[in-house]
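Protein chains get the first letters and strands the later ones, always in sequence-line order, with residue 1 at the start of each. Just so it is clear, the model here is predicted, and its values are computed rather than measured.
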Amino acid sequence: MSVRVRFAPSPTGYLHIGSARTALFNYLYARHTGGKFLLRIEDTDLARSTEESTRSILDGLAWLELNHDEEIVFQSDNADKHRETARKLLAEGKAYRDFTPKAEPNEANVKDTIKDRARANQGEKNMRDNPFRDLSVEESDARAEAGEPFAIRLKVAEHGRTAFDDAVYGIQERNYHDTEDLVLLRSDGHPLYNLAVVCDDIEMAITHVIRGQDHLTNTHKQVLIYEALGITPPTFAHLPLIMAPNKGKLSKRKHGEVVSMTTYRDAGFLAAAFRNFLALLGWSASEEQEIYSLEELVQKFSLEGIHRSNAVFNFTENDPRKWTDDKAQWMNAEYIRTMPVEDLLRFVKPELKAAKLWRDEYEDDDREWFEKTINLIRQRFFTLKDFSKQGRAYFSEDYDFDPAAIEKNLSKFPDLKTWLPELADRFEAEFADKPYDEENIEIVVKAFTEEKDTKLGVIMNGARTLLTGVAVGPSMLSVFEIIGLDRTIMRLRSQVAWT
RNA sequence: GUCCGGUUCGUCUAGGGGUUAGGACACCGCCCUUUCACGGCGGCAACACGGGUUCAAAUCCCGUACCGGAUACCA
């Protein structure tokens, strides 16, 4: 039977880094096995689901290039089928009506309330003590017909255990004793998560459920539903969780945008690099290679390579340099400086366009210059943003001067205020009749340096500041050449940086 | 509380009876260089703890600690 997996996010926010990795693993497994990667939006929680969130998640997946097969399934569209299934189980005596009035959840802190309640039970709670569990069919029917509201709960047997062989965690067993008679259908008629998931997974013919480890207990409940339905459950593979630096939960509320996929897109990350980084969080091919193309990931991915322990997404709040995981930043830089230039150009173009630095000539008349420039400046860049920020001076006359660069390379050497314009004159004279290339530039600048009885670095770094606005970059000889004679002369004469 | 899971450098990880416990990122130092966040070389740094089993344990077993997850008419 061919593999069918699904990524099933609930649209209650943007695409979280953990969800993105789950999607990636599902995608890789599907492609590796030649199966299908399906998408299902779990929007059964009407109160929290939003269309905007769905769009944001879809955007995130599109950015990561995790294209799904077949039509997107919206879980809410299947509510009738879910209800039908619940009624079927009720009719078969595998579920029962619970007429207990619905308890309103404490809005403020649902999680804590639940935890406190569970703790208060001291683990002594009998999961089978629901008074309506053994209500006679006649009475149950009568009360329902009389219009009394009820929820439908699964009737979990007194003795026995659920068991499944997790592809990552191995054999998982749980006594029925520890599982409550879970609610399948709310008293307002809305199907609940566990029921909906099972129905849809069956409907979609899912063969492998790959999802976060936080679903481990849900899986036992779902196995129960499969058993009640008489259907063989799919294979489960639970993924270790991605934690915050303090090993606590990585949450949208506490950690903000670092966990959102769109943040990385907007910060100038390459999808390929981030995908690569994500793939290595909780999975490895048991080898030392770390840079993988998508094709390699697809080829090497296996459920066996998934780890059992949680991974930390490492970043330091309030440290701009380490706002996100170091390795993710390094990997992005690695991609930027090593990928084929032609590929990189496709990503640089929209970046420059967005910054209003793009000129169509870069694709025809100036293509050679453009490619050479990108190739030169990418060596020290970390993100696509750097092309429009640090690299701005290569594409525009309207660029800023980094105060630190001025301080370091200009202010300390007041002579440069007259020397640099002088160098401009020298360039103008010297290059009137010879090629403005690195070799000749070096000769001229060195001669100039000797005349002024100063160090080469003083002239070079002063020029760098004037020509590029920043203190870092490629070899100055290359910079002179790539900026071109006219712009070099103009910028060396300019006094704006000095004011 | 109860159930479940986990624990190798700061982080991501390799190794699953005999290894100088390997790599990557980060950090530090040196080199290259006109500066530099490129590059090169090097350094720091880990088997949670306690018992077993064994000639031999990071590796197998048990316990403890710690961390995490779940515990809802949320998903």
Side-chain angles (χ1 to χ4, degrees), chain A residues 8-12 42-45 47-49 75 98 100-105 110-111 113-115 117-125 149-153 169 172-175 177-180 182-188 190 192-194 196-197 212-218 220 238 240-241 243 245-249 277 280-282 284 286-291 307-315 321-322 325-331 333 337 378-382 386 390 405 408-409 445 449 455-465 470-477:
Chain A
S10 57
T12 55
E42 309 218 316
D43 54 352
T44 55
D45 186 342
R48 292 196 299 156
S49 300
Q75 191 156 66
D98 180 0
T100 309
K102 185 190 174 196
E104 283 307 320
V110 194
K111 279 271 191 213
T113 309
I114 286 156
K115 200 174 177 178
R117 190 200 309 163
R119 212 198 314 274
N121 289 332
Q122 302 273 6
E124 293 300 307
K125 183 175 159 55
F150 59 86
I152 295 182
R153 285 184 184 271
Y169 289 92
Q172 298 293 307
E173 294 178 319
R174 187 176 162 97
N175 288 319
H177 174 82
D178 297 314
T179 303
E180 64 170 348
L182 56 137
V183 173
L184 302 174
L185 210 59
R186 269 185 351 198
S187 49
D188 64 5
H190 278 109
L192 247 37
Y193 176 71
N194 285 305
V197 166
Q213 186 241 75
D214 51 336
H215 283 285
L216 229 28
T217 43
N218 277 329
H220 283 98
H238 289 89
L241 271 18
M243 315 304 287
N246 65 358
K247 299 195 193 294
K249 194 167 179 168
F277 168 75
L280 263 20
L281 230 42
S284 86
S286 295
E287 60 183 7
E288 288 185 352
Q289 184 179 345
E290 300 204 284
I291 302 292
H307 308 144
R308 279 164 284 272
S309 52
N310 295 340
V312 168
F313 183 60
N314 199 20
F315 60 94
R321 264 169 52 93
K322 295 184 185 285
D325 198 293
D326 278 326
K327 199 147 186 174
Q329 298 202 59
W330 166 78
M331 198 163 280
R337 58 188 174 241
R378 68 167 166 166
Q379 286 314 320
R380 283 167 180 78
F381 285 177
F382 278 74
D386 289 334
Q390 275 193 52
K408 183 182 172 197
N409 298 329
V445 175
T449 303
K455 285 192 289 190
L456 189 61
V458 173
I459 301 297
M460 288 295 199
N461 291 321
R464 179 188 298 282
T465 305
V470 293
V472 301
S475 152
M476 246 337 263
L477 296 173

Rounded to the nearest 0.5 Å, what separation is found between the CG atom of A:N218 and the OG1 atom of A:T179?
10.5 Å

Gap between atoms CD1 and P, on A:I291 and B:rU13 respectively (whole Å)
15 Å

Looking at the base of B:rA26, is there any donor atom on it, or on the side chain of A:N314, that sits under 3.5 Å from an acceptor on the other one?
no

Round to the nearest Å and state the distance from A:E290 atom CD to B:rG23 atom P.
12 Å

All heavy atoms of A:A471 vs all of A:N409, minimum pair found to be CB-ND2, 4.0 Å

Any idea which of B:rA70, B:rU34, B:rA72 is nearest the A:E180 side chain?
B:rA72

Take atom CZ of A:R174 and atom P of B:rC3, then tell me their distance rounded to the nearest Å.
10 Å

B:rG16 versus B:rU20 - spacing of their P atoms, nearest Å:
15 Å

With a 4.0 Å cut-off on heavy atoms, is A:T44 in touch with a base, just the backbone sugar-phosphate, or nothing at all?
sugar-phosphate

hbond_proxy A:R380 side chain to B:rC36 base (donor-acceptor, 3.5 Å cutoff):
yes

Quote, to the nearest angstrom, the C1' distance that separates B:rA58 from B:rG6.
16 Å

Closest listed nucleotide, where the reference is the side chain of A:M476 and the choices are B:rU34, B:rA37, B:rA75
B:rU34

Let me know the distance between CG of A:D188 and C1' of B:rC74, rounded to the nearest Å.
13 Å

Considering every strand and a 4.0 Å limit on heavy-atom distances, what is the contact class for A:H215: base, sugar-phosphate, or nothing?
base

The side chain of A:E42 is closest to which nucleotide in this list: B:rG69, B:rU34, B:rA75?
B:rA75

Using Watson-Crick or G-U wobble geometry with both distances below 3.5 Å, tell me the partner of B:rG63, or none.
B:rC49

Consider the side chain of A:V312, meaning its heavy atoms from C-beta on, and name the nucleotide among B:rA72, B:rU13, B:rU11 that approaches it most closely.
B:rU11

Could you walk me through whether A:K247 and A:N310 satisfy the side chain to side chain contact (heavy atoms under 4.5 Å, CB included) test, starting with their C-alpha distance in whole Å, then the side-chain angles of each, then the deciding distance to 0.1 Å, before giving a yes or no?
CA-CA 9 Å; A:K247 299 195 193 294; A:N310 295 340; over 6 Å; no

Can you find a side chain N or O atom of A:H220 that sits less than 4.0 Å from OP1 or OP2 on B:rU71?
no

Mind running side-chain hydrogen bond (donor to acceptor under 3.5 Å, both in side chains) on A:R174 and A:T217 for me, showing each step along the way?
CA-CA 9 Å; A:R174 187 176 162 97; A:T217 43; 5.6 Å; no

Under 4.0 angstrom, heavy atoms only, what part of the nucleic acid is A:L184 near: base, sugar-phosphate, or nothing?
nothing

Short side-chain N/O contact from A:H177 to OP1 or OP2 of B:rC3, under 4.0 Å
no

Length of the line joining A:N409:CG and B:rU35:P, which is rounded to integer Å:
11 Å

Rounded off to whole Å, could you give me the NE2-to-P distance for the A:H190 and B:rC73 pair?
16 Å

Base, sugar-phosphate, or nothing for A:N461, non-hydrogen atoms under 4.0 angstrom?
base

Would a 4.5 Å heavy-atom cut-off, applied to side chains only, mark A:Y193 and A:H215 as touching?
yes

Look at A:S284 and B:rU13 and indicate whether a side-chain polar atom (N or O) is within less than 4.0 Å of OP1 or OP2.
no

Base, sugar-phosphate, or nothing for A:R378, non-hydrogen atoms under 4.0 angstrom?
nothing

Over all strands shown, is A:L280 touching base, sugar-phosphate only, or nothing at heavy-atom distances under 4.0 angstrom?
sugar-phosphate

A:E290 to A:L280 - nearest heavy-atom pair and separation
O-CD2, 3.4 Å

Among B:rU71, B:rG5, B:rA75, find the nucleotide with the atom closest to the side chain of A:Q75.
B:rA75

Checking only heavy atoms, does the side chain of A:S475 share a donor-acceptor pair with the base of B:rU34 at less than 3.5 Å?
yes

What is the distance from atom CZ of A:F150 to atom CZ of A:R186, rounded to the nearest 0.5 Å?
14.5 Å

Watson-Crick or G-U wobble partner of B:rG68, both distances under 3.5 Å:
B:rC4

Could you work out which one of B:rU34, B:rA26, B:rC38 sits closest to the side chain of A:D326?
B:rA26

Would you classify A:K249 as touching base, sugar-phosphate or nothing, given that sugar-phosphate means primed atoms plus P, OP1 and OP2, and contacts are heavy atoms under 4.0 Å?
sugar-phosphate

Just compare B:rA70, B:rA75, B:rU34 and give me whichever is closest to any side-chain atom of A:R464.
B:rU34

A:D325 side chain to A:N314 main-chain N or O, any donor-acceptor pair under 3.5 Å?
yes

Using a heavy-atom cut-off of 4.0 Å across all strands, would you classify A:P474 as base, sugar-phosphate, or nothing?
base

Between A:R321 and B:rA26, does any side-chain N or O lie under 4.0 Å from OP1 or OP2?
no

On RNA chain B, does the nearest nucleotide to A:W330 precede the nearest nucleotide to A:S286 from the 5' side, or the other way round? Give the residue.
A:S286

Which part of the nucleic acid does A:G282 contact within heavy-atom distance under 4.0 Å: base, sugar-phosphate only, or nothing?
sugar-phosphate

Determine the contact category for A:P11: base if any of its heavy atoms lies under 4.0 Å from a base atom, sugar-phosphate if only primed atoms, P, OP1 or OP2 are that close, otherwise nothing.
nothing

Within the structure shown, what part of the strands sits under 4.0 Å from A:A471 by heavy-atom distance: base, sugar-phosphate, or nothing?
base

Once you apply a heavy-atom cut-off of 4.0 Å, does A:Y169 come out as touching a base, just sugar-phosphate, or nothing?
sugar-phosphate

Suppose you measure atom C1' in B:rU19 against the same atom in B:rU59; what distance do you get, rounded to whole Å?
12 Å

For A:R186 and B:rC74, is the shortest distance between a side-chain N/O and OP1 or OP2 below 4.0 Å?
yes

Between B:rG68, B:rU7, B:rC73, which nucleotide gets closest to the side-chain atoms of A:M243?
B:rG68

If each of A:L477 and A:T100 is mapped to the nucleotide of RNA chain B with the nearest heavy atom, which maps nearer the 5' terminus, i.e. the 5' end?
A:L477

Give a yes/no answer on whether the side chain of A:R48 brings an N or O atom under 4.0 Å of OP1 or OP2 in B:rA75.
no

Considering only side-chain heavy atoms of A:T217, which listed nucleotide, B:rG68, B:rU34, B:rG69, is closest?
B:rG69

What about A:S187: does its side chain form a donor-acceptor pair under 3.5 Å with the base of B:rC73?
yes

Over all strands shown, is A:E287 touching base, sugar-phosphate only, or nothing at heavy-atom distances under 4.0 angstrom?
nothing

Identify which nucleotide among B:rC73, B:rG6, B:rA26 has an atom closest to any side-chain atom of A:L192, counting heavy atoms from C-beta outward.
B:rC73

Specify the separation, in whole Å, of atom NZ of A:K327 and atom P of B:rU11.
13 Å

Across the strands shown, which category fits A:N194 at heavy-atom distances under 4.0 angstrom: base, sugar-phosphate, nothing?
nothing

Output for pair (A:L241 CG, A:L281 CG), nearest 0.5 Å, gives 11.0 Å

For residues A:D386 and A:F382, report the shortest heavy-atom separation together with the two atoms involved.
OD2-N, 2.7 Å

Identity of whatever pairs with B:rG39 - Watson-Crick or G-U, under 3.5 angstrom
B:rC31

Between C1' on B:rG69 and CZ on A:R308, what's the gap in Å once rounded to a whole number?
16 Å

